[in-house]
> 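Below are the structure tokens for one structure; questions will follow.
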Amino acid sequence: MSPRTLFEKVWSAHEVVPQTADTPAVLYIDLHLTHEVTTPQAYTVLRSRGLKVRRPDRTFATMDHSTPTETAQVFGGIPIKDASAARQVAQLESNCAEFGIELLNLQDPRRGIVHIVGPELGLTQPGSTIVCGDSHTSTHGAFGALAFGIGTTEVGHVLATQCLLQRKPKTHAINVHGQLGRGVTAKDLVLAIIRQVGVSGGTGSVFEFRGPTIAQLSMEERMTICNMAIEAGAKAGMIAPDETTFAYLKGRARAPSGAAWDAAVAHWRTFCTDEGAVFDQQTDIDASQLVPMITYGTHPGMSVDIDAKIPVTQGDAVFDKALSYMGLSPGQTLKGQPVQVVFLGSCTNARLSDLRAAAAVIKGRRVAAGVQFLVVPGSQSVKAQAEAEGLDQIFLAAGAEWRESGCSMCLGMNGDLVARGAYCVSTSNRNFEGRQGVGARTLLASPITAAAAAVAGCVSDPRDFLP
Amino acid sequence: MQPIELIQSRTVVLASTNIDTDQIIPARFLTTTSREGLGAHLFADWRYDSAGQPRADFVLNTPAAAGCEILVAGRNIGCGSSREHAPWALMDFGFKTIISTQIADIFRGNSLKNGLLPIVVDESTHEYLLAHPGIALKISIVDRTLTLPDGRNISFALENFARFCLLNGTDELGYLLSQSAQIEHFEKAHQS
Ligand code: SF4
């Protein structure tokens, strides 16, 4: 057999029926993750056609997008304020009960953001196909899975048949070499990749992040990178599994154990790109040249080095519109820009290592007057582990808010919103107009850059705050 | 899904670049559990002012937009969230096709599954369409062509299967269900 890429291996292992000129491939889905926002209409279709869920054992549900983050609401029995959000959560509960789907309900200690919970439980495994009605499903590609977001109609397809109709995408290798400098994180690296490839540069392709820099990253860092592959328009982002992957998965609740573990690892090792395999496209990145980054515009590709000036362009109406929305000027440095809100959370950067890194910056300091610093762990287990280490006390002592897990201010569906015109340094993944609230101005950055902004009250270079 | 062969309508031009699905329909409208009525929230933050009143200068609020079935968007549309509420809202408003230079993968797939035709055109056609808002176009799904008022035909890519589904109003679920013998075979072979 000719040499194949990681993507091609996973794809062909899941082809129920290969594609032809007239018909797309029927692709088998190993794991279907679901949440409250993108499933109700799919269950309605199932019900109206008298269909069952084909594989409840391969379907898993959590609630995260429209759920509250205030402890009194989550555990105090105070009903969800927004009536339609409450109805959506209730409908997820009744749909899961009716169709026999395992659900992590609001008070479950394992609940959290779907893309944080899957890996944490060991559901996310190398070489598998994973889908979810959510674009950041690309996160799971960090384990060498082919994982991508789907719409609600497709959620219905997977529920009913455990399969999807798909055209085979192209492949794009993102080769990263060079050591990341002090204070330069996986978030900065992926922002740099998006800046280089462009926000639609990945359309129609699956990225494989590879090279010595990627091999050195922890699983949590790899998840941050794959999480944002979609922000370059890619269908999915993948990283070949290795010892780091296996060490992460070993002993997790849903990972294989005993003799099955050894067999699984042997199988997982085959999921790598063969020597000599050909990608449709290649991009090279020298990580040693990077510094901490921050976005200044209204898509994740509009970013600058933390101490650089916002570019000056001539006659670019799109650029001008973005800057006017952001209330920023060409040629201005972002460093020193006052901020009103800092959000540490989301499926990009709300895992334990993210909270630890931010806490190291905050420790012994105070959140600047007039700044709201909202810390929302990615899952209840991240929250519990952080509390066991005393991270919550560090944040609280500094004047931050410490919440229950969920998507929260990443998209503001649950009422955690940024006010019109306010600036928010956010560790999430999208700075689109209105994403964090109508008129909100989002500056995407890493957890340490966010923490530095919280302390200084303005955009700051995290390297000045590192212990 | 309704079968659809031909779209004949004037265009509405929304020249913004990189229109993401958060703009097409903001997240606060996603708590719905139905797919009806979302047209009211289409482009909500561009269409209404902070008091909830329609902005007279926003193109979809102008009399010329009434009844138009063709949306010409700026370069690259549909990036971001996978929310299928975006095509639902566009269709509920009355659009049957979206034209741009690039259309994000998930949004494209979601659109086709609902009978909303995504059309990618070359730069020069796109520039022409942007510069001539309100022109009447004829779009043939049978021929995969778009006809300009001067009679010029521009072909666009549409895979055979998607074309078949649009022309026949076939939904993909029916097709997938017809593959159940193969699916069962696959599951047995993989002991899953
Ligand atoms: S944290 Fe944000 S990006 Fe991630 S799943 Fe939730 S809403 Fe989507």
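A, B, ... follow the sequence lines: proteins, then strands. Residue 1 opens every chain.
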> Under 4.5 Å heavy-atom distance to chain B, tell me which part of Val318(A) shows up: side chain, backbone, both or neither.
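When you check distances to chain B, only side chain atoms of Val318(A) fall under 4.5 Å.
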> Return the option, out of Pro24(A), Gly202(A), Gly233(A), with the maximum number of heavy-atom pairs under 4.5 Å with chain B.
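Sorted descending by pairs with chain B, the first entry is Pro24(A).
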> Using a 3.5 Å distance criterion without hydrogens, assess whether the side chain of Gln41(A) forms a donor-acceptor pair with backbone atoms of Ser34(B).
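Looks like yes, one N/O pair under 3.5 Å.
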> Would you mind checking which part of Ile230(A) comes under 4.5 Å of any heavy atom in chain B, side chain (CB onward), backbone (N, CA, C, O), both or neither?
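The answer is the side chain of Ile230(A).
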> State, with a plain yes or no, whether a side-chain heavy atom of Glu15(A) is found less than 4.5 Å away from one of Phe186(B).
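No - every pair of side-chain heavy atoms lies 4.5 Å or more apart.
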> Quick one: does Thr20(A)'s side chain get under 4.5 Å of Asn160(B)'s, heavy atoms only?
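Side-chain contact under 4.5 Å: no.
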> If I measure from the heavy atoms of chain B, does Asp82(A) come under 4.5 Å with its side chain, its backbone, both, or neither?
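The side chain, not the backbone.
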> Say you draw a straight line from CD of Glu433(A) to CG of Asn18(B); how long is it, rounded to the nearest 0.5 Å?
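Nearest 0.5 Å value for the CD-CG distance: 11.5 Å.
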> Which answer fits Glu36(A), side chain, backbone, both or neither, if we ask what part of it has an atom under 4.5 Å from a heavy atom of chain B?
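For Glu36(A), there is no contact with chain B at all, as no heavy atom is under 4.5 Å.
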> Is Leu417(A) close to chain B through its backbone or its side chain, or both, or neither, when contacts mean heavy atoms under 4.5 Å?
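Neither part; nothing is under 4.5 Å.
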> Please rank Gly109(B), Ser81(B), Ser16(B), Ala44(B) by heavy-atom pairs under 4.5 Å with chain A and give me the top one.
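Heavy-atom pairs under 4.5 Å are most numerous for Ser81(B).
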> Please state whether the side chain, the backbone, both or neither of Arg435(A) comes within less than 4.5 Å of a heavy atom of chain B.
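Looking at Arg435(A), backbone and side chain both touch chain B.
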> Do you know which of Ala317(A), Ala85(A), Ala83(A) has the most heavy-atom pairs under 4.5 Å to chain B?
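It is Ala85(A).
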> Pick one of side chain, backbone, both or neither for Ala13(A), based on which atoms fall under 4.5 Å of a heavy atom in chain B.
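For Ala13(A), the backbone is the part near chain B, not the side chain.
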> Taking Arg87(A) for the side chain and Thr33(B) for the main chain, is one N or O donor matched with an acceptor at less than 3.5 Å?
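A pair under 3.5 Å: no.
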> Which bit of Glu184(B) is near chain A, if near means a heavy-atom gap under 4.5 Å: side chain, backbone, both or neither?
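For Glu184(B), backbone and side chain are both near chain A.
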> At a heavy-atom separation under 4.5 Å, does His85(B) approach chain A through its side chain, its backbone, both, or neither?
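Contact with chain A: side chain only.
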> Has Gln182(B) got a side-chain atom pairing as donor or acceptor with Val17(A)'s backbone, closer than 3.5 angstrom?
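No: the side chain of Gln182(B) does not pair with the backbone of Val17(A).
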> Between Arg54(A), His14(A), His136(A), which has the largest tally of heavy atom pairs under 4.5 Å with chain B?
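Of the candidates given, the most pairs with chain B belong to Arg54(A).
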> Heavy-atom distance under 4.5 Å to chain B: side chain of Gln91(A), backbone, both or neither?
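Side chain only.
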> Can you tell me if Gln2(B) has over 12 outside heavy atoms packed within less than 6.0 Å of its CD?
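Result for CD/Gln2(B): open.
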> I'd like to know whether Thr23(A) forms a side-chain contact (heavy atoms from CB on, under 4.5 Å) with Tyr175(B), so could you lay out the CA-CA distance, the side-chain angles of the two residues, the decisive distance to 0.1 Å, and finally the verdict.
CA-CA 10 Å; Thr23(A) 49; Tyr175(B) 177 83; 3.4 Å; yes
> Would Thr161(A) and Gln179(B) count as a side-chain hydrogen bond (donor to acceptor under 3.5 Å, both in side chains) here? Give the steps.
CA-CA 9 Å; Thr161(A) 68; Gln179(B) 309 287 309; over 6 Å; no
> Please lay out, stage by stage, how Met413(A) and Arg28(B) fare under the test side-chain contact (heavy atoms from CB on, under 4.5 Å).
CA-CA 5 Å; Met413(A) 259 190 89; Arg28(B) 62 183 181 281; 5.9 Å; no
> Return the OG1 to CH2 distance between Thr153(A) and Trp88(B), rounded to the nearest 0.5 Å.
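Those atoms lie 6.0 Å apart.
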> Can you tell me how far CD of Glu84(B) sits from OG1 of Thr152(A), rounded to the nearest 0.5 angstrom?
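So the OG1 of Thr152(A) and the CD of Glu84(B) are separated by 5.0 Å.
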> In terms of heavy-atom contacts, does CD of Glu5(B) have more than 12 from other residues, nucleotides or ligands at under 6.0 Å?
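No.
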> Assess whether atom CZ of Arg163(B) is packed by more than 12 heavy atoms of other residues, nucleotides or ligands within 6.0 Å.
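Buried by this count: over 12 neighbours within 6.0 Å.
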> Flag the one option from Asn110(B), Asp105(B), Asn114(B) with the top tally of heavy-atom pairs under 4.5 Å to chain A.
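Between Asn110(B), Asp105(B), Asn114(B), the count favours Asp105(B).
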> What do you reckon, is NZ of Lys168(A) surrounded by more than 12 foreign heavy atoms closer than 6.0 Å?
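For Lys168(A), atom NZ is crowded (more than 12 foreign heavy atoms under 6.0 Å).
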> Could you check if a side-chain atom of Arg55(A) sits within less than 4.5 angstrom of a side-chain atom of Glu187(B), using non-hydrogen atoms only?
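The answer is yes, as the side chains (C-beta and beyond) meet within the 4.5 Å cut-off.
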> Thr38(A) versus Arg83(B): any side-chain heavy-atom pair under 4.5 Å?
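Not touching, per the 4.5 Å side-chain cut-off.
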> Where is the tightest heavy-atom contact between Leu30(B) and Gln88(A), given as atom of each residue plus distance?
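Closest pair (atom of Leu30(B), atom of Gln88(A), distance): O-NE2, 2.8 Å.
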> Is there side-chain contact between Asp20(B) and Thr298(A), with heavy atoms separated by less than 4.5 Å?
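When only atoms from C-beta onward are counted, Thr298(A) and Asp20(B) do not touch, as no gap falls below 4.5 Å.
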> Measuring from atom OH of Tyr325(A) to atom CG of Asp45(B), what distance do you get when rounded to the nearest 0.5 angstrom?
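Output value for this atom pair is 7.5 Å.
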> Quick check: closest heavy atoms across Ser200(A) and Gln102(B), and the distance to 0.1 Å?
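It is OG-OE1, 2.9 Å.
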> So which part of Val16(A) gets closer than 4.5 Å to some heavy atom of chain B, the side chain, the backbone, both or neither?
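Both backbone and side chain.
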> Please classify the contact of His299(A) with chain B as side chain, backbone, both or neither, using a heavy-atom distance under 4.5 Å.
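Just the side chain, heavy atoms under 4.5 Å.
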> Looking at Ser50(B), Gly74(B), Cys79(B), Ala104(B), which has the largest count of heavy-atom pairs under 4.5 Å with chain A?
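The candidate making the most pairs under 4.5 Å is Ser50(B).
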> Of all the heavy-atom pairs spanning Pro40(A) and Thr32(B), show the shortest one and how long it is.
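Reported closest heavy-atom pair: CG-O, 4.4 Å.
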> Identify which part of Val155(A) has an atom lying under 4.5 Å from any heavy atom of chain B, answering side chain, backbone, both or neither.
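It is neither, since no heavy atom gets under 4.5 Å.
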> Tell me, side chain or backbone of Ile106(B) under 4.5 Å from chain A's heavy atoms, or both, or neither?
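For Ile106(B), side-chain heavy atoms alone lie under 4.5 Å from chain A.
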> Are the charged groups of Asp171(B) and Arg49(A) less than 4.0 angstrom apart, N to O?
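Yes, this pair counts.
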> With a 4.5 Å cut-off on heavy-atom pairs, point out which of Val438(A), Leu165(A), Val199(A) contacts chain B the most.
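It is Leu165(A).
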> Do you know which of Gly80(B), Ser180(B), Pro26(B) has the most heavy-atom pairs under 4.5 Å to chain A?
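Looking at each of Gly80(B), Ser180(B), Pro26(B) in turn, Gly80(B) comes out on top.
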> Sort out for me which of Gly204(A), Ala160(A), Ser66(A) touches chain B most, counting heavy-atom pairs under 4.5 Å.
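Max contact count across the listed options: Gly204(A).
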> Do Asp22(A) and Phe161(B) have side-chain heavy atoms sitting under 4.5 Å apart?
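The answer is no, as the side chains (C-beta and beyond) never meet within the 4.5 Å cut-off.
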> With heavy-atom distances below 4.5 Å as the criterion, would you say the side chains of Arg35(B) and Val45(A) are in contact?
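With C-beta onward as the side chain, the pair touches.
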> What are the two closest heavy atoms between Ser135(A) and Ser82(B), and how far apart are they?
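Smallest heavy-atom distance, with atoms named: N-OG, 3.4 Å.
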> Any luck finding a side-chain donor-acceptor pair between Ser84(A) and Thr31(B) under 3.5 Å?
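Yes.
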> Could you tell me whether Lys321(A) atom NZ has more than 12 heavy atoms of other residues or ligands within 6.0 Å of it?
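Correct, the count exceeds 12.
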> Any donor and acceptor pair, going by atom type alone, linking the side chain of Asp22(B) with main-chain N or O of Phe432(A) inside 3.5 Å?
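Side chain of Asp22(B) to backbone of Phe432(A): no pair is present.
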